[in-house]
Structures are given as structure tokens and as C-alpha cells.
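Some notes on the structure that comes next.
Since the structure is predicted, the reported quantities are computational estimates derived from the model, not experimental observations. This chain uses plain numbering: 1 for the first residue, then up along the sequence.
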Amino acid sequence: MAEQESRAAAPAKKRKPRLPAIEYIRGIAMIGVIAIHVGSQYLMNQTANIHLIALLEVASRFSVPIFFFISAFGLFYNLNIDEPLDYRAFMKKRFRTVLVPYLVWSAFYLLHDGLFYGVGFPDPLHLLSILFFGTAKYQLYFLVILIWFYLLMPLWIAIVRRAGKASLILLFVAQLGFDYWSSFSVAFNTFVYALPDHSFLKPFLMYRLNYWVVHYVFIFVLAANSRCTSRDSSASCRRTGAPSRCSSGHRSSGSWSTTTS
């Protein structure tokens, strides 16, 4: 009884105001995702203008990194990284909101394709591979990467605590270099495709974009540093200088919000 009373007496954790700007950014990113899929479908047209499709592809590819940015921003916006992270409670909430939907949709796609396309159903070992890499349907990779980001949350917190402007610049340069190597290195990609199909290593390298979070580390850390507002007095926000940029009063805290938590 006393424990229940103490819980009731404990003040609820105050959440920051919602940011309409995040909703606008999310809407623009949704349009970008639609453009990506429209372009990929249009390629099946024999008379398609390949140059216009290429332009559409390039112009719309911003959308996926933006969704990762929004996800990271929402995670850190209501999180005080100078306090210890309750990792168990954190993961329990994220598994409920991300892992369960991921498993449900994966099962739906596998059943749908098995029944209507006659491809059959995977054996247990193949099923584990499908769930690990997010290949039940190509768009599910996004949730797989998010789950990995959640699992590595203590690492991101440690990085954000120490990240200043110079660190972000260096991380950006390193991110460009790694992404270029992963996508365009002839030697590396030749090695991957030359591996035999039965090789245990091949799927881990072939589907690296589906679970290698290192492809999006800069976006994630940048979003975490962007969470600082004029009311943030945490050591990490003071170190990056973000509060000083917002403290002039030109923007009220009510104009910055997010729905992700």
C-alpha cells in the first residue's frame, strides 16, 4: 500500500512540447518515399524516359535518411542523456512498438506470398535468416535497422555525450567515405558477388544495407544533437552550444515538437 502511495506521489516525468515542424518534415519524407516507388514501377514501361526516372530517383532519395533522422530525434528529444538509461524498460517499450509490428507484417507477407504466389513457406533456418535481414518484403529493412539502433542505444548516448561540432564534421566525412566504399568499391563488391551461394558469409555482406547501422550513424547522431532547445540545460547540450542558438527568444518552445518517443 505504501509503495502504491509513493508511486502516486512521485511526480510524472514532464514531456517536452510537440513540434509541428517534425510533422511537416515527415509529410515531405512520405512524398519522397512515394516518388521512389513510383519511379521503380515506371521502369517496367518500355517507353520510359530513363533520364527523368534517374532525376526522380536522385531527388527523392533524401526521404529514408529523413525518417531515420526523425526517429532518432524523437528518441533523444524526451531523453536526458546525462541520466542513467533504464535499458530494460527502454527496450521493452521499443520491442512492443517496433518488433511486434515487424514480426506481424513479416508473417503476413510470408503467408501471402506462400499462398498466392506459390513460393511455399520457409524452413525454420531460412525463416530466421529472413527475419534477421528483413527480407520478407524489401521495405521491412527499415524496421530491422531501427531495432539495431535501439539495441545499441547505450553506444549512441555515449557518442552524443562527447560529440561536439568538430566530432560531427569528422563523423560526416567518415560517413561519406564508408558509404561510398560500401556502395561503389569494385574490389569489395566483386568479392561479395563471387562468394558461392551456399557461403555463410555471403548473405551477411549481400544484405549489409538491411542491418549495418553504420550506414546511418551520422544521421542518427546529428538528430540527437539537434534535439537541444532553449530550455535544455544538460551538459551535452551546453557542450554542443545548441541552447545558445535558441535562447534569443525568436522561437518559442511550443513551436518545436515531435510525436516520436
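Among Y141, F133, F149, the one residue that satisfies the ring pair (Phe, Tyr, Trp, His ring centres under 6.0 Å) test with Y211 is F133.
Taken from CZ in F108 to CG in D113, the straight-line distance is 9.0 Å, to the nearest 0.5 Å. Note that the CZ atom of F90 and the CG atom of L79 stand 7.5 Å from one another [nearest 0.5 Å]. Interatomic distance, I159 CD1 to S167 OG, rounded to the nearest 0.5 Å: 10.0 Å. A distance of 7.5 Å separates CD1 of I219 from CD of Q175, quoted to the nearest 0.5 Å. Residue I28 holds its CD1 atom at 11.5 Å from OG of S63, rounded to the nearest 0.5 Å. Between the CG atom of L85 and the CD1 atom of I157 there is a distance of 4.5 Å, given to the nearest 0.5 Å.
Contact check for F184 versus D179: no side-chain heavy atoms found under the 4.5 Å cut-off. Put simply, the side chain of S106 does not reach to within 4.5 Å of the side chain of I130, judged on heavy atoms. Residues I145 and N210 are not in side-chain contact: their nearest non-hydrogen atoms beyond the backbone lie 4.5 Å or more apart. A heavy-atom distance below 4.5 Å is found between the side chains of L151 and F95. Between L176 and F218, the closest side-chain pair of non-hydrogen atoms is not below 4.5 Å. Looking at Y150 and M153, their side chains never come closer than 4.5 Å, going by heavy atoms from C-beta outward. Side-chain contact between S226 and F76 is absent, with no heavy-atom pair separated by less than 4.5 Å. L222 is not listed as a side-chain neighbour of F172, based on a closest heavy-atom distance of 4.5 Å or more.
Closest approach of S60 to I36, counting heavy atoms only: OG-CG1, 3.3 Å. Contact detail for A158 and R162: the closest heavy-atom pair is O-NH1, 2.9 Å. Residues V217 and V214 come closest through the heavy atom pair CG2-CA, 3.5 Å. In plain terms, the two heavy atoms of L56 and A35 that are nearest each other are CD2-O, 3.6 Å. Closest approach of A29 to F67, counting heavy atoms only: CB-CE1, 3.6 Å. Taking each heavy atom of N189 and S182 in turn, the nearest pair found is ND2-O, 3.7 Å.
In this structure, L146 is a member of the same hydrophobic cluster as L103, with clusters built from ILVMFWY side-chain heavy atoms closer than 4.5 Å. Cluster annotation: M206 and L128 are assigned to distinct hydrophobic clusters (Ile/Leu/Val/Met/Phe/Trp/Tyr, side-chain heavy-atom contacts under 4.5 Å, transitive). Hydrophobic cluster membership is shared by Y193 and F188, with clusters built from Ile, Leu, Val, Met, Phe, Trp and Tyr side chains linked at under 4.5 angstrom. Cluster annotation: W105 and L115 are assigned to distinct hydrophobic clusters (Ile/Leu/Val/Met/Phe/Trp/Tyr, side-chain heavy-atom contacts under 4.5 Å, transitive). Following chains of ILVMFWY side-chain contacts shorter than 4.5 Å, one can reach I147 starting from L155, so the two form part of one hydrophobic cluster.
Side chain of Y102 to main chain of L131: a donor-acceptor pair is present (N/O by atom type, distance under 3.5 Å, no hydrogens or angles). In this structure, K137 contributes its side chain and Y109 its backbone to no donor-acceptor pair below 3.5 Å. Between the N225 side chain and the V221 main chain, a donor and an acceptor come within less than 3.5 Å of each other.
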Intermediate values then yes/no, side chain to side chain contact (heavy atoms under 4.5 Å, CB included), L205 and F191: CA-CA 10 Å; L205 297 178; F191 168 76; 3.8 Å; yes
Step-by-step side chain to side chain contact (heavy atoms under 4.5 Å, CB included) determination, L143 to L99: CA-CA 8 Å; L143 296 179; L99 180 62; over 6 Å; no
Worked check of side chain to side chain contact (heavy atoms under 4.5 Å, CB included) between V213 and F220: CA-CA 9 Å; V213 295; F220 211 76; over 6 Å; no
Stepwise side chain to side chain contact (heavy atoms under 4.5 Å, CB included) test for R88 and D86: CA-CA 6 Å; R88 183 175 180 179; D86 187 346; 4.0 Å; yes
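For H37 and Y138, the gap between ring centers is short of 6.0 Å. Side-chain rings of F204 and F200 approach one another, their centers coming within less than 6.0 Å.
Ring-plane geometry between H215 and F178 is classed as tilted, the angle between the planes lying from 30 to 60 degrees on a 0 to 90 degree scale. Ring planes of F69 and F73: parallel class, angle under 30° (limits at 30 and 60°).
By the ring pair (Phe, Tyr, Trp, His ring centres under 6.0 Å) test, F68 pairs with F142, Y216, sequence neighbours left out.
By the 6.0 Å contact criterion, CG on D197 is open, its count of non-hydrogen atoms from other residues, nucleotides or ligands being 12 or less. Within 6.0 Å of CH2 on W212 lie more than 12 heavy atoms contributed by other residues, nucleotides or ligands.
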